[in-house]
Amino acid sequence: MNLPDMNEAKKRHRENVEYIYTDVVKNNKYKDKKYFIKTYGCQMNVHDSEEISGLLENLGYTRVESELDADLIILNTCAIRENAHDKVFGFLGRCKHLKKDKKDIKIVLCGCMAQEKSVVDEILSKHKYIDLVLGTHNIHELPNYLTNLQDGLNIEVKSNEGNVYEIGENYHRDSKYTAWINIMYGCDKFCTYCIVPYTRGKERSRRSKDIIKEVMCLKEKGYKEVTLLGQNVNAYGTDNEEEMSFAELLENVAKTGIERIRFVTSHPWNFTDDMIDTIAKYDNIMPYIHLPLQSGSDRILKLMGRRYTQEEYIKLYKKIKEKVKNAAITTDIIVGFPNESDEDFNETLKVVEECQYDGAFTFIYSPREGTPAAKMSDSTPLSVKEERLQRLNEVVNKYSNMNNQKYLDKTVKVLLVGESEKDSNKLYGYTETMKLVNVECDKKLIGQIVDVKIAEAKSFSLDGYHEK
Ligand code: 5AD
Ligand code: SF4
């Protein structure tokens, strides 16, 4: 297997920051123009959409909640599994119809799918009604591309990841209480099933001083919680010899005094003791860790290029549970990797039984063109994979329910972030351990961290009331 040399990445010290001034003078051309944005995929994409929205609003655009009212439709896409791809092309079909009645409407496809050569080829042959295809490495140039848009299909995709850029506080943040903060871009792990290293490029860390500045600025604005984002946050700083490690960054973020700090995602391979000690030491680092397992079988883990064994994973899991008080741990699991046998799958079930996760995102393996695993032959029928997924979900749900029951009659701290969708008399929020709670309380408390007594525990959420 051809894995990248990590020392090589470390040696690559670079002056890689560009500061972008996005205080574009509002252009009359965009006054009264409306944009609609649809986001697929992970938190990274959600945050990229906050950046895109900020850039568009700086130009003069106003956001609308339906594509039918828009002059500009942005699709921020995900490439992680085939079904994400199908959904995007389904939605594009509707956009094509809209364009028949409203010729001036502009359609932009950006995000991970834009970095896939096969997708660009498909667009060139069948979807020429799209106005702009924009890659993941040059989002910040969107205002320029829009201003200089040529008639027909414009393709602005860079294969080189280029520099890390800073746009200051020009994001349109969806929440006034919780904020995403990118700490790094890209991934050098090259797990054999995963397309992310190809669509997001090499690992590039932002400067810690810029990250801390962003946290301070959010704190001053009244934000209660920040989530540090990266495909693999443990690798923070390893691409720049002058930067600090992730454990040190976490410590520095904790010292800003912001009330809640979270981070996603950490790879079990280089989850250091320093990281665990720092999480345990600071009350404002939340005791919630997402620790993707992917498979419990050593044979499959090796084929996936995951760099740990079942035994090493469980050892790490136990160490975290032992050192971080009341930690909640969730995971990602893929079933049906090429030629996964019943024995391999049983090893995954065994780990789930042992770890008793608070929750798990479970997926059927989806071959992604250009990844090493997509070239592996696979004799397992889809029906077997579906049946395994169902069995896995039953075990996962059993433990997520069991863990939630432990909250019954307890009082927990909840950050209230919005009105409950199911019951407008209630607010919803999250515990320190990232449990979703619906809370009977005064609406004025939105944005506050309050004590909530848990009255009912379900598999995927808790119900409670504000304890004054
Ligand atoms: N097929 C299925 N699931 C995948 N993931 C990543 N690539 C694939 C793929 N090709 C899952 C992994 C990862 C999560 C974000 O998506 O579990 O942790
Ligand atoms: Fe993909 Fe995560 Fe592996 Fe990186 S560490 S290649 S993002 S699964």
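When reading the values below, keep in mind they use all heavy atoms of this one structure, side chains included, and skip hydrogens, waters and symmetry mates. Whatever order the structure lists ligands and atoms in, that order sets their numbers, starting from 1.
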- Message: Please list, in number order, the atoms of ligand 1 under 4.0 Å from a heavy atom of Ile334.
- Response: 3 (N), 4 (C), 5 (N), 12 (C), 17 (O)
- Message: I'd like the name of whichever of Asp332, Thr362, Leu293 reaches closest to atom 13 (C) of ligand 1 through any heavy atom.
- Response: Asp332
- Looking at Pro197, which atoms of ligand 2 are within less than 4.0 Å of one of its heavy atoms? 6 (S)
- Message: Give the atom numbers and elements of ligand 2 that come within less than 4.0 Å of a heavy atom of Tyr193.
- Response: 8 (S)
- atom 7 (N) of ligand 1 has as its nearest protein heavy atom Tyr193 CD1, 3.3 Å
- Item | atom 3 (Fe) of ligand 2 to nearest N/O/S of Cys191 below 2.8 Å | yes
- Query: Mind checking whether Arg81 has an N or O less than 3.5 Å away from an N or O of ligand 1?
  - Reply: yes
- Query: Between Phe246 and Phe263, is the ring centre distance below 6.0 Å?
  - Reply: yes
- Go through the side-chain N and O atoms of Asn76 and Thr39 and say whether any donor and acceptor fall under 3.5 Å apart. no
- Residues Ile276, Leu316; criterion side-chain contact (heavy atoms from CB on, under 4.5 Å); working and verdict: CA-CA 10 Å; Ile276 303 177; Leu316 170 67; 4.0 Å; yes
- Task: Could you establish whether Arg200 and ligand 2 come within less than 4.0 Å of each other, counting only heavy atoms on the residue side?
- Result: no
- Message: Using a 4.0 Å cutoff against the non-hydrogen atoms of His267, which atoms of ligand 2 qualify?
- Response: 5 (S)
- Ring centre gap for Tyr177 and Tyr430 strictly below 6.0 Å: no
- Message: If the cut-off is 4.0 Å to any non-hydrogen atom of Tyr365, which atoms of ligand 1 fall inside it?
- Response: 1 (N), 2 (C)
- Query: Do Tyr365 and Phe337 have their ring centres less than 6.0 Å from each other?
  - Reply: yes
- Backbone N or O of Leu293 within a donor-acceptor pair of the Thr331 side chain at under 3.5 Å? yes
- Query: If you count the atoms of ligand 1 from 1 in the order shown, which ones are under 4.0 Å from a heavy atom of Arg368?
  - Reply: 10 (N)
- Query: Mind checking whether Thr371 has a heavy atom under 4.0 Å from ligand 1?
  - Reply: no
- With heavy atoms of Cys187 as the reference, note each atom of ligand 2 found under 4.0 Å away. 4 (Fe), 5 (S), 6 (S), 7 (S)
- Message: Taking the ring of Phe89 and the ring of His127, is the distance between their centroids below 6.0 Å?
- Response: yes
- At what distance is the nearest protein heavy atom to atom 10 (N) of ligand 1, and which residue and atom is it? Ser366 O, 2.8 Å
- Query: For ligand 1, does Ile364 get within less than 4.0 Å through its side chain, its backbone, both, or neither, judged by non-hydrogen atoms?
  - Reply: backbone
- Message: Does either side chain, that of Tyr198 or that of Gln115, offer a donor lying less than 3.5 Å from an acceptor on the other one?
- Response: no
- Message: Between Met184 and Glu243, does the side-chain contact (heavy atoms from CB on, under 4.5 Å) criterion hold? Intermediate values first, please.
- Response: CA-CA 12 Å; Met184 60 186 303; Glu243 259 317 338; over 6 Å; no
- OG (Ser208) and CZ (Arg206) are apart, to the nearest 0.5 Å, by 10.5 Å
- Message: Can you report which non-hydrogen protein atom sits closest to atom 12 (C) of ligand 1, along with the distance?
- Response: Gln294 OE1, 3.4 Å
- Min side-chain heavy-atom separation Tyr165-Tyr185 under 4.5 Å: no
- Task: Check each atom of ligand 2 against the heavy atoms of Val196 and keep those under 4.0 Å away; list them by number with element.
- Result: 7 (S)
- Query: Which atoms of ligand 2 have any heavy atom of Lys189 under 4.0 Å away?
  - Reply: 4 (Fe), 5 (S)
- Task: Return the option from Gln231, Glu203, Met44, Met304 holding the heavy atom at the smallest distance from atom 2 (Fe) of ligand 2.
- Result: Gln231
- Task: State, yes or no, whether a side-chain contact exists between Ile107 and Leu92 at a heavy-atom distance under 4.5 Å.
- Result: yes
- Query: With atoms numbered from 1 as shown, which atoms in ligand 2 lie under 4.0 angstrom from a non-hydrogen atom of Phe190?
  - Reply: 6 (S)
